[in-house]
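Accompanying notes for the structure given below.
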Amino acid sequence: MPELPEVEVLRRTIESSVVGDGIESIEVRERRLREPIDTRTLRRLLAGRRVIGVGRRAKYLLVHVERGSTLVVHLGMSGRLTVAAGDAAREPHEHVVLRLASGRKLRFRDPRRFGAMFALPTAAIDGDRHFARLGIEPLGVGFSGATLAAAAARRNASVKGLLMDAAVVVGVGNIYASEALHRAGIHPRRSVARISSERWERLAAAVRSVLSDAVAQGGTTLNDFADALGESGYFQVLLEVYDRAGLQCRRCGGTIRRLRQLGRSTYYCPRCQN
DNA sequence: CGGGCGGCCTGGAGGC
DNA sequence: TGCCTCCAGGCCGCCC
């Protein structure tokens with residue numbers, strides 16, 4: 001589902017459309033998400049307050065409201081958070097509706113219910129169990145090949161496993177891990193113990209470039225990603241390996257292969273990745 | 001402690 | 001057409 005670029009695109013569209021608007025009321029129709037929704041806390045911390053900013057940490061969207069509270073939204077695999085007219089017809093799996101002072105509604109849909117929605121004091125975010133163990137932001141300052149090399153010390157995992165470990169670097173899921181490794185020319189199964197510092201730098205740069213290119217394209221829409229206004233992304237047409245098994249590598253002409261790794265599909269080009 | 005795997009859910013695609 | 005199986009972008013907790 002949504003990885004860092006999709007959540008960042010959502011952040012920007014939510015920010016431009018709801019900052020300044022007020023949350024009038026909160027209706028929870030289905031509380032059984034990955035974590036059950038605590039409706040009373042949502043109402044206590046959010047109702048009657050205006051949205052003052054929208055942030056993101058890893059794949060979590062942070063909707064900051066007046067008087068020091070934050071609504072946290074995680075899209076899981078199939079979640080969508082969209083702004084709609086107040087009288088818009090209810091959509092399937094619309095679990096939470098926030099009525100806004102402008103008359104519109106912010107609605108959360110999630111067919112698979114792998115998502116999460118909760119509220120907490122803004123000052124408590126860093127210490128909260130969802131955030132306390134998260135690693136570095138790949139598009140922020142300080143992320144480099146040295147970050148990855150340091151995390152690789154005393155480990156023996158595959159490089160793809162390291163990239164997808166949120167305690168090391170956040171926001172990189174199954175699609176962008178495959179894409180970044182392809183850009184860097186590194187085989188996804190390569191042990192982290194056998195990667196030179198030059199390759200770590202190349203990989204960190206590839207992670208950064210693939211994520212920022214995806215943000216610029218509005219994210220990747222394979223099935224259900226859409227931003228706050230319901231717009232799809234376009235990065236899927238620029239994917240070099242993901243979901244392209246059997247097709248030609250656009251860089252070297254080799255044939256893209258799929259393998260099973262950590263229970264997930266990994267895509268790579270055996271000719272230009274080693 | 002690191003790392004691998006199953007489980008949580010529903011829907012869509014593809015095979016028979 | 002219908003039924004079955006597999007698969008999906010995340011994350012947590014359990015096990016070794």
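Naming: A, B, ... by sequence-line order, numbering from 1 per chain.
- Judged by distance alone, with hydrogens and angles left aside, A/R113 brings no side-chain donor or acceptor close enough to the base of B/dC9 to form a pair under 3.5 Å.
- Between the side chains of A/R49 and A/S69, a donor-acceptor pair is found at a separation under 3.5 Å.
- Across all strands shown, A/L262 has heavy atoms under 4.0 Å from sugar-phosphate atoms exclusively, and none from any base.
- The side chain of A/Y60 has C/dC12 as its nearest neighbour among C/dC12, B/dG2, B/dG11.
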Q) How would DNA chain C look in dot-bracket form, 5' to 3', counting Watson-Crick and G-U wobble pairs with both distances under 3.5 Å and writing | for bases paired to another strand? A) .|||||||.|||||||
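- Put simply, A/H93 has a side-chain N or O that comes within less than 4.0 Å of OP1 or OP2 on B/dG11.
- Under 4.0 Å is where a charged nitrogen must lie from a carboxylate oxygen, and between A/R50 and A/E66 at least one such pair does.
- The residues A/D213 and A/R183 are annotated as salt-bridged, a charged nitrogen and a carboxylate oxygen being separated by less than 4.0 angstrom.
- Using atom P as the reference point in both B/dC1 and C/dC11, the two lie 22 Å apart (nearest Å).
- Salt bridge status for A/R129 with A/E35: present, with a side-chain N to carboxylate O gap under 4.0 Å.
- Side-chain atoms of A/S265 lie closest to C/dA8 of the nucleotides B/dC9, C/dG10, C/dA8.
- Between A/D21 and A/R104 there is a salt bridge, with a side-chain nitrogen of the basic residue lying less than 4.0 Å from a carboxylate oxygen of the acidic one.
- In this structure, A/R189 atom CZ and B/dG4 atom P are separated by 11 Å, rounded to whole Å.
- Across B/dC9 and C/dC3, the matching P atoms stand 24 Å from one another, rounded to whole Å.
- Candidate nucleotides C/dG10, B/dG11, B/dG3 were compared by shortest atom distance to the side chain of A/A157, and B/dG3 ranks first.
- An aromatic stacking contact links A/F114 with the base of B/dC8, defined here by ring centres under 5.5 Å apart and ring planes under 30° from parallel.
- Ion pairing between A/E6 and A/K59 fails under the 4.0 Å rule for side-chain N and carboxylate O.
- A/Y242 comes within contact range of the sugar-phosphate backbone alone, with a heavy-atom separation under 4.0 Å but no base atom that close.
- Put simply, A/R112 has no side-chain N or O that comes within less than 4.0 Å of OP1 or OP2 on C/dA8.
- Between A/Y60 and A/F131, the ring planes are tilted. Angles from 30° to 60° get that label.
- For the pair A/E30 CD and B/dC8 P, the interatomic distance rounds to 16 Å; values are reported in whole Å.
- No side-chain heavy atom of A/V97 sits under 4.5 Å from any side-chain heavy atom of A/F108.
- One can place CG of A/L33 at 21 Å from P of B/dG7, the figure rounded to the nearest angstrom.
- A/D110 comes within contact range of no nucleotide atom at all, as no heavy-atom separation falls under 4.0 Å.
- Set against B/dG2, C/dC11, B/dC9, the side chain of A/R34 has C/dC11 as its closest nucleotide.
- Distance CZ (A/R129) to P (C/dC12): 8 Å, rounded to an integer number of Å.
- The A/E3 side chain lies nearest to C/dG10 when the options are C/dC7, C/dG10, B/dG11.
- Atom-to-atom, OH of A/Y267 to C1' of C/dA8 comes out at 9 Å; the value is rounded to the nearest Å.
- For the OP1/OP2 pair of B/dG4 and a distance below 4.0 Å, the side-chain nitrogens and oxygens of A/R264 include no atom meeting the criterion.
- For A/D165 and B/dC1, the CG to P distance is 14 Å, given to the nearest whole Å.
- Classification of A/K105 and A/E94 as a salt-bridged pair holds, one side-chain N sitting under 4.0 Å from a carboxylate O.
- Atom CG of A/D243 is separated from atom P of C/dC7 by 13 Å (rounded to the nearest Å).
- An OP1 or OP2 oxygen of C/dG10 is reached within less than 4.0 angstrom by no side-chain nitrogen or oxygen of A/H74.
- What separates CZ of A/R260 from P of B/dG4 is a distance of 14 Å, to the nearest Å.
- Taking 4.0 angstrom as the limit, A/R258 places a side-chain polar atom (N or O) nearer than this to OP1 or OP2 of C/dA8.
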